[in-house]
Asker: 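One structure, pasted below without further comment.
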Amino acid sequence: MAKKSEPSYDAKDIQVLEGLEAVRKRPGMYIATTGIQGLHHLVYEIVDNSVDEALAGYCTVIDVTINKDGSVTVTDNGRGIPVERHPKLRKPTVEVVLTTLHAGGKFGGEGYKVSGGLHGVGSSVVNALSTRLIVEVKRDGKIWSQEYHQGKPVTKFEAVGKSKATGTKITFWPDPEIFETVDIDYDVIKTHMRETAFLNRDLRINLTDLRGDEPRKDEFRYAGGIIDFVKYLSKNKETIHAKPIYISGEGDEGMVEVALQWNTGYADTTLAFANNINTGEGGTHLEGFKNALTRTINEYARRQNILKEKDPNLSGEDIREGLVAVLSVKLHDPQFEGQTKTKLGNTEMRSFVQQVVTAGLSEYLEEHPRPAKLIVGKASQAAKARAAARKAREASRKDALLGAGSLPGKLADCSLTDPALSEIYFVEGDSAGGSAKQARDRSFQAILPLRGKILNVERAGQSRAFSSKEIQAMITAIGTGVGEEFDADKVRYHRAIIMTDADVDGAHIRCLILTFFYRFMPQIIEQGYVYIAQPPLYKLSVGKKSEYLYSDAQLTEATGELGKDEKYRIQRYKGLGEMNPAQLWETTMDPARRTLLQVTMDDALLAEETFSDLMGDQVEPRKEFIQRHAKDVRFLDI
Ligand code: 0R9
């Protein structure tokens, strides 16, 4: 019996099986890694086939379910894989698709194909790398099914029921002998599915995870496509024109669409895709887009006389400051190059994209003069800031060459030159700075008074920051330089102490100075060189004795300990300026008596989010952060 049900193989079958055996022997050749990324790749590979069916215009819904046992089911409502026998290979087409390497391309119609692109390894690779795979096709009024183990068919492809619907469903169990882990990360899949939905307007993707006690579900469908993508990427940003600009075009080369929107920030977030594949290394389509953007904006600025004859052109970088853009091209025969094969190589795409974007953007600028002026204005500002920053950087480089003589004028430096023994106080305001200068031990304590609210470098970006006097003074005083020029060996103090008033403004200024360190010299925080001074909040005097108190809790405790009839006096210090130099020394600056809080950066990533939530443009993330961390507010308000 057993022998009879064994499928019979001919030469072609053996070729196929050898092909799939090769996939199992060297999975890295087909899916790059057998780590968790490779595992996720299997899911994308199957979903891509459904997306191709959507691109062909036949599929509107894709369901992706991570089942309780860790298997994955992908269902689409397309035409269903053809069910007839393949005329040449004399076996069911479905079996050919699932067992032949690169089968897709040979049978595909004329549509654009994701699966013909970078991934392209097809469902057969997924099949080979799964312990088990079940395919179900609804087509021609019937439900057809077949099961495979490690890529080999174990049942016949046959009709198992009736249905008027059409579509394809594939369930697969990734092989734990192949993959380092078979535990799919829902959030990673979720991000990818959201992106896929953005790139395929109106395609609905339902994602479900049945592994936990409660199912997790997400639904993605974007009627605006990449316009919604840009809105999503801009969600925490202050945009300078209400609606993203949308440009699209089609030709023999393929099709291109781009959505773009400027914000008041400084980063350039331009994402480029070719056949839904994120071309992280760029390529011809991105070059065409950038060329068009730079040329069109410059031409418009000259036509409108915003750029005068003598003015130099705005640079691409100036123009892309604060830009969020999504560029998506679809083409029939994409060539992917580069180290990670994510660079589009098709030369025809450069001029094609450039033409379409030039035409679309010129038209937009002519028809929308108000946003157009804001966009050009922002680029001109960026150009000016960049020129100023360059000057500032050159100047500070010169300063560094000239040595200590060019330290900031306001800095009262210490006399010791050994950084390990030296400390610098960043002090809020000139008057407190004056007290601190009188109070300090000048042998090892330097004082740099800072005027009020320093620039928020989170919002200003590097270029404007470099032209700020206070920021320049901090950089020169610390001595290390910033960015690429940062040199830890040049640090002039091993303690950089932030000393601000114990009130809301003081907390804000402290946050601004921390943001400066975080963005410009994170290494200094990592080294543990940044500290926060702790000035007292109260002075409690009983008779001739007095005591400094640093928190409300300490005050409650101290007054609670007093006898019933004892007379006492409480002085509240609102600012450093209310203390005389002697008091400032004994409470806040004397190493024998002061408390310093060391600033740490345990989790850089979280810190980054926290900083941009707290210091970025938008009020909402700040509010959310504070609500989320309500318990820790005391900590925030140190
Ligand atoms: C659940 C994952 N979905 C798929 O794998 C899937 C493949 C597929 C498909 C067709 C329709 N839906 C599909 N879903 C299809 C394609 C074509 C014609 N009819 C149906 C065609 O490209 O012309 N197929 C992908 C490859 C093949 N079908 C084919 F090679 F068998 F034709």
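Note that this is a predicted model, so its numbers are computed, not measured. Counting starts at 1 for both ligands and their atoms, in listed order. The figures that follow rest on heavy atoms only: side chains count, while hydrogens, waters and symmetry mates do not.
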Asker: What part of I46, side chain, backbone, both or neither, has a heavy atom within less than 4.0 angstrom of ligand 1?
Answerer: both
Asker: Is the closest side-chain donor-acceptor distance between D76 and Y58 under 3.5 Å?
Answerer: no
Asker: Tell me if the CG atom of D252 is crowded by more than 12 foreign heavy atoms within 6.0 Å.
Answerer: no
Asker: Out of D76, D52, N49, whose heavy atom is nearest to atom 3 (N) of ligand 1?
Answerer: D76
Asker: Output yes when the distance from some N or O of ligand 1 to some N or O of S50 is under 3.5 Å, and no in every other case.
Answerer: yes
Asker: If we count only N and O atoms by modelled type, under 3.5 Å, do the side chains of H41 and E45 hold a donor and an acceptor together?
Answerer: yes
Asker: In terms of atom number and element, which parts of ligand 1 are under 4.0 angstrom from non-hydrogen atoms of P82?
Answerer: 19 (N), 20 (C), 28 (N), 29 (C), 31 (F), 32 (F)
Asker: Backbone, side chain, both or neither: what part of T93 comes under 4.0 angstrom of ligand 1, heavy atoms only?
Answerer: side chain
Asker: Provide the number and element of each atom of ligand 1 under 4.0 Å from a heavy atom of V97.
Answerer: 29 (C), 30 (F), 31 (F)
Asker: R221 and side chain to side chain donor-acceptor pair (under 3.5 Å): which partner among D228, D202, N206?
Answerer: D202
Asker: Counting only heavy atoms not in K169, do more than 12 sit closer than 6.0 Å to its NZ atom?
Answerer: no
Asker: If we only consider heavy atoms of R139, is any one of them less than 4.0 Å away from an atom in ligand 1?
Answerer: yes
